[in-house]
Amino acid sequence: MPKFRKIVILGYPSVGKSSLALQFIRGNFCEDYEPTIENTFNKTFKIGEDEFQMTVVDTAGQDEYSLLPPAFVLGIHGYVVVYSVASQKSFIIAKSIFSKLQDRRGKCLMPIVLVGNKTDLPPHSREVQVEEGQKLADAWGAAFMESSAKDPEKSSIIFTKIIEEIDRVERSFGED
Ligand code: GDP
């Protein structure tokens with residue numbers, strides 16, 4: 001029996017949420033995907049012997065004024081929070097998204113993978129250092145990685161990681 005996992009991708013507009021989702025679901029990078037709409041994708045995904053039926057909600061994006069609708073909170077197993085390493089603003093919005101999630105979900109552990117995307121851009125465009133991303137994820141108790149949506153392997157590691165985080169958090173509850 002596959003395990004059902006519902007994931008929401010959050011982050012400032014244009015950081016690459018849809019590109020990462022599409023890279024994972026379809027295995028390609030699409031330059032001209034319509035970014036403004038919300039989309040839900042389904043994919044069966046195997047990690048070792050375990051099969052997962054994944055539903056991935058690709059949101060239109062959040063800014064400092066966004067409220068998280070109940071659909072992003074109820075029945076959600078985990079979150080992928082994306083910023084662009086070339087945008088300090090998007091990193092600040094990632095922090096605000098986390099505090100809104102905490103407000104809505106309470107202080108209990110939330111499976112999250114924080115992703116610094118667009119690492120393929122030239123080094124001079126980098127505005128957020130890898131250490132800053134790691135430090136923020138550590139403060140959240142979340143997993144962290146940098147990625148490029150042009151890299152199929154990186155995109156699938158993100159979704160493997162979120163599944164692992166969900167299992168880790170579930171197990172830690174089981175031990176209480
Ligand atoms: P979203 O609004 O967060 O869903 O962002 P999109 O996936 O629509 O991407 C916004 C723009 O950034 C598009 O032009 C993408 O082609 C581009 N993009 C997304 N991910 C990457 C990446 O990893 N590297 C580069 N260079 N461009 C990217």
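We count ligands from 1, going down the list as the structure has it; atoms in each ligand are counted the same way.
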>> Below 3.5 Å, N or O to N or O, backbone or side chain included: is there any such pair between Lys17 and ligand 1?
In response: yes
>> Test your reading of the structure: does Gly16 have an N or O sitting under 3.5 Å from an N or O of ligand 1?
In response: yes
>> Could you tell me, atom by atom, which parts of ligand 1 come under 4.0 Å of a heavy atom of Ser148?
In response: 23 (O)
> Can you check whether Phe159 and Phe52 have ring centres sitting under 6.0 Å from each other?
Replying inline: no
> Looking only at N/O atoms, are Asp58 and ligand 1 under 3.5 Å apart anywhere?
Replying inline: no
> Does the N or O separation between Ser18 and ligand 1 drop below 3.5 Å for any pair?
Replying inline: yes
> Does a side-chain heavy-atom distance below 4.5 Å link Met110 with Val169?
Replying inline: no
> If every non-hydrogen atom of Lys154 is compared with every non-hydrogen atom of Glu146, which pair is closest and at what distance?
Replying inline: CD-O, 3.5 Å
> Should the pair Lys135-Glu132 be classified as a salt bridge under the 4.0 Å nitrogen-to-oxygen rule?
Replying inline: no
>> Would Phe29 count as a polar contact of ligand 1, with the cut-off being nitrogen or oxygen pairs under 3.5 Å?
In response: no
> For ligand 1, is Ser14 a contact, meaning one of its heavy atoms is under 4.0 Å away?
Replying inline: yes
> Under 4.0 Å from any heavy atom of Asn117, which atoms of ligand 1 are there?
Replying inline: 20 (N), 21 (C), 22 (C), 23 (O)
>> Tell me whether Glu64 is salt-bridged to Lys89, with the criterion being a basic N under 4.0 Å from an acidic carboxylate O.
In response: yes
>> Within the structure provided, determine whether Asn42 and Met54 are in side-chain contact (heavy-atom separation under 4.5 Å).
In response: no
> Are side-chain heavy atoms of Leu20 and Val115 found at a separation under 4.5 Å?
Replying inline: yes
> Which residue from Lys154, Lys118, Lys150 reaches closest to atom 21 (C) of ligand 1 through any of its heavy atoms?
Replying inline: Lys118
> Quick check: does Leu121 get an N/O under 3.5 Å from an N/O on ligand 1?
Replying inline: no
